[in-house]
Every structure is written in structure tokens, then in C-alpha cells.
Amino acid sequence: LLAVKIEEVLTQEDILKDPDFTICDLADRIDARHQYVSQVVNEVYGENFKTLLTERRVELACRMMEESPAGEVLKIEFLAASVGFKSRSSFTMAFKKIMKASPSEYQQQTAATKANHT
């Protein structure tokens, strides 16, 4: 039940976009102790809250790139800020780690895929 509440909160884009969102904020939103929320996140997702939040933010950035109009290139600084990262460098590092490509490379791949489908 708590895992369902956690998932509901972590699918809200406004939450993901908040650079100051913490596990304590999550716990407050679902009316649970943050230690318990942390335990459930670790058990259900097999990773800590910060890693999970970072992954969700990168997924959101990927969706933004995929949904942008063909030919439109989103600035990395804009993407980073839009999905809750406080700096371009932390965004780029996290993105590369998760997606095995830089945001620019991913955006180029996405653009090529869009061009092939038009």
C-alpha cells in the first residue's frame, strides 16, 4: 500500500521537476515516517530514494526530447532545470550513467528516429 502511494507521488511531473524535493517531502505527502519510506523504496525498487528520483528525472528528460517537435533541439541547461537538476553537469553525469549516452547524443538519436518515421 505504501509502495503504491510512493509510486503515485513519483509519477507527478511537478514533483520530479522540484530540485529541492527530498525523501522527507515524499514522506510528508503520503503521511509516513521517512525512515519507513526509505525502507520501502529500498525493498521495492532495489535502490535508494536519491537514485530512484534521479532515474525518474532522466526518464522525464527523455520523454521531453522524444515529444519535442521534429527538428527542435532542447538546450541541455533547459532540460536539466526542467527536470529538477540544479546543474547541467550533474544532469549530464546522471544521464550518461543511466542512458549510456550524453543528453546531446540521445537527442541526436531521437531526432534521427523521428526523421526516419516521417
Side-chain angles (χ1 to χ4, degrees):
L1 184 68
L2 192 58
V4 171
K5 289 182 179 180
I6 290 169
E7 186 61 29
E8 284 174 1
V9 172
L10 292 180
T11 56
Q12 297 173 30
E13 284 190 12
D14 60 321
I15 300 268
L16 298 176
K17 292 177 178 182
D18 178 357
D20 299 315
F21 191 74
T22 66
I23 193 161
C24 291
D25 296 327
L26 174 58
D28 288 346
R29 282 185 175 262
I30 61 176
D31 198 28
R33 290 183 29 240
H34 79 272
Q35 296 91 335
Y36 188 49
V37 172
S38 178
Q39 180 184 343
V40 171
V41 167
N42 285 320
E43 288 173 3
V44 172
Y45 298 97
E47 57 197 11
N48 66 34
F49 172 76
K50 191 173 189 315
T51 302
L52 177 62
L53 187 60
T54 298
E55 287 177 358
R56 295 297 173 91
R57 287 175 170 162
V58 168
E59 288 171 11
L60 179 58
C62 290
R63 277 201 310 276
M64 288 174 68
M65 286 185 255
E66 291 160 6
E67 293 170 1
S68 69
E72 181 180 317
V73 176
L74 301 175
K75 292 202 176 299
I76 305 307
E77 291 84 357
F78 168 78
L79 273 171
S82 296
V83 298
F85 283 87
K86 293 186 178 187
S87 74
R88 175 191 171 133
S89 59
S90 62
F91 170 67
T92 301
M93 228 168 44
F95 196 97
K96 279 183 180 176
K97 183 178 180 185
I98 293 166
M99 299 306 296
K100 310 294 186 238
S102 72
S104 300
E105 291 165 343
Y106 186 86
Q107 203 159 201
Q108 289 169 348
Q109 293 166 3
T110 302
T113 302
K114 285 181 196 170
N116 292 336
H117 286 94
T118 53

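Counting from 1, the numbers follow the sequence of the chain as shown.
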Grab the two heavy atoms, one from [X] and one from [Y], that are nearest each other, plus how far apart they are.
X      : Y     : value
Pro103 : Phe95 : N-CD2, 3.5 Å
Arg57  : Pro19 : NH2-CA, 3.9 Å
Val44  : Ala3  : CG2-CB, 3.8 Å
Asn42  : Asn48 : OD1-CA, 3.3 Å
Ala32  : Val37 : CB-CG2, 3.8 Å

Nearest 0.5 angstrom please: [X] [atom1] to [Y] [atom2], how far?
X      : Y      : atom1 : atom2 : value
Ser82  : Leu16  : OG    : CG    : 12.5 Å
Ser102 : Gln107 : OG    : CD    : 9.5 Å
Met93  : Ser87  : CE    : OG    : 8.0 Å
Lys17  : Gln12  : NZ    : CD    : 12.5 Å
Glu13  : Leu60  : CD    : CG    : 4.5 Å
Leu10  : Tyr45  : CG    : OH    : 6.0 Å

(request) Check the angle between the aromatic planes of Phe49 and Phe21 and answer parallel, tilted or perpendicular using the 30° and 60° thresholds. (result) tilted
Under a 3.5 Å distance rule, please check whether [X] uses its side chain to pair with a backbone N or O of [Y] as donor and acceptor.
X     : Y      : answer
Glu66 : Thr110 : no
Thr92 : Arg88  : yes
Asp25 : Thr22  : yes

(message) Side chains of Gln39 and Glu43 only: does a donor on one sit below 3.5 Å from an acceptor on the other?
(response) yes
(request) Indicate if Ile23 and Tyr36 have the same hydrophobic cluster label, given that clusters are the connected sets of ILVMFWY residues with side-chain heavy-atom separations under 4.5 angstrom. (result) yes
(message) Check this for me, if you would: do Glu8 and Arg29 make a salt bridge, where the nitrogen-to-carboxylate-oxygen distance has to be below 4.0 angstrom?
(response) no
(message) Check Lys86 with Asp20, please: is the shortest side-chain N to carboxylate O separation under 4.0 Å?
(response) yes
(request) Report the C-alpha distance between Val73 and Gln108 in whole Å, list the side-chain angles of each, state the deciding distance to 0.1 Å, and finish with yes or no for side chain to side chain contact (heavy atoms under 4.5 Å, CB included). (result) CA-CA 9 Å; Val73 176; Gln108 289 169 348; over 6 Å; no
(message) Is it the case that atom CG in Asp31 sees more than 12 heavy atoms from other parts of the structure closer than 6.0 Å?
(response) no
Does any non-hydrogen side-chain atom of [Y] lie less than 4.5 Å from one of [X]?
X      : Y      : result
Glu55  : Glu47  : yes
Lys97  : Val58  : no
Tyr106 : Lys100 : no
Thr54  : Phe85  : yes

